[in-house]
Amino acid sequence: MTRDDFNAFCAALPQTTHVVQWGNADVWKVGGKVFAICGWAEDAPAFTFKVTELGFEVLSDSPGLRPAPYLASRGLKWIQHYAAPGLSDESLRDHIRASYDMIVAALAKKKRAELGL
């Protein structure tokens, strides 16, 4: 997945917003909460997303994936796809969508209603 593909995919999800922060990282949010980040790792895009506890255990040791720097060290369950082989584009999209869904589900009921989600 390219950075442009990542941004187009995230932009297509309902009620998302985009900011550039943390050293030129593309940060995608829903309801003001981050669900996906694209930055750089050794001259290649690195994609970061939230996962379930089980997903964190399974993906943490997979080649090309790692606990997300900074986020995972704070006890948060985030994974970074930073190198090959990593995930296929389809699987990466599935994980980003699942991250989005987890963030939406954690929003207050009032906030979800405001956003029409």
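Note that these values count all heavy atoms, side chains included, but never hydrogens, waters or copies made by symmetry. Treat the numbers as computed from the prediction; the structure is a model and nothing was measured. Start at 1 with the first residue, then count along the sequence.
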Does D26 form a side-chain contact (heavy atoms from CB on, under 4.5 Å) with V20? I'd like the steps, not just the answer.
CA-CA 5 Å; D26 289 301; V20 176; 3.8 Å; yes

For side-chain contact (heavy atoms from CB on, under 4.5 Å), just list the numbers for K110 and E114, CA-CA rounded to whole Å, side-chain angles, deciding distance to a tenth of an Å, and then say yes or no.
CA-CA 6 Å; K110 181 179 177 183; E114 286 173 11; 3.6 Å; yes

D94 and S91: CA distance, side-chain angles, deciding distance, side chain to side chain donor-acceptor pair (under 3.5 Å) verdict:
CA-CA 5 Å; D94 289 346; S91 185; 5.4 Å; no

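Under the 4.5 Å side-chain heavy-atom criterion for Ile, Leu, Val, Met, Phe, Trp and Tyr, W22 and L71 are members of the same hydrophobic cluster.
Apart from V58 itself, the hydrophobic cluster it occupies contains L54, where clustering links Ile, Leu, Val, Met, Phe, Trp and Tyr at side-chain heavy-atom distances under 4.5 Å. Taking Ile, Leu, Val, Met, Phe, Trp and Tyr as members and joining any whose side-chain heavy atoms lie under 4.5 Å apart, directly or through other members, the hydrophobic cluster of F6 also contains M1, F9, L13, W28, V30, F35, F47, F49, V51, F56, L59, L65, I79, L87, L92, I96, Y100, I103, V104, L107, L115, L117.
Heavy atoms only, all atoms of each residue included: P69 and Q80 are closest at CD-OE1, 3.6 Å. Nearest approach of K50 to S99, heavy atoms of both residues: N-OG, 3.1 Å. Taking all atoms of both residues into account, the shortest heavy-atom contact from G64 to P85 is N-CD, 4.4 Å. When all heavy atoms of T48 and A68 are compared, the pair lying nearest together is CG2-CB, 3.5 Å.
To the nearest 0.5 Å, the span separating CZ on R97 from CG on D101 amounts to 4.5 Å.
For R66 (side chain) and Y82 (main-chain N/O), no donor-acceptor pair under 3.5 Å exists by modelled atom type.
Annotation: side-chain contact (heavy atoms from CB on, under 4.5 Å) contacts of T17 (sequence neighbours excluded): K29.
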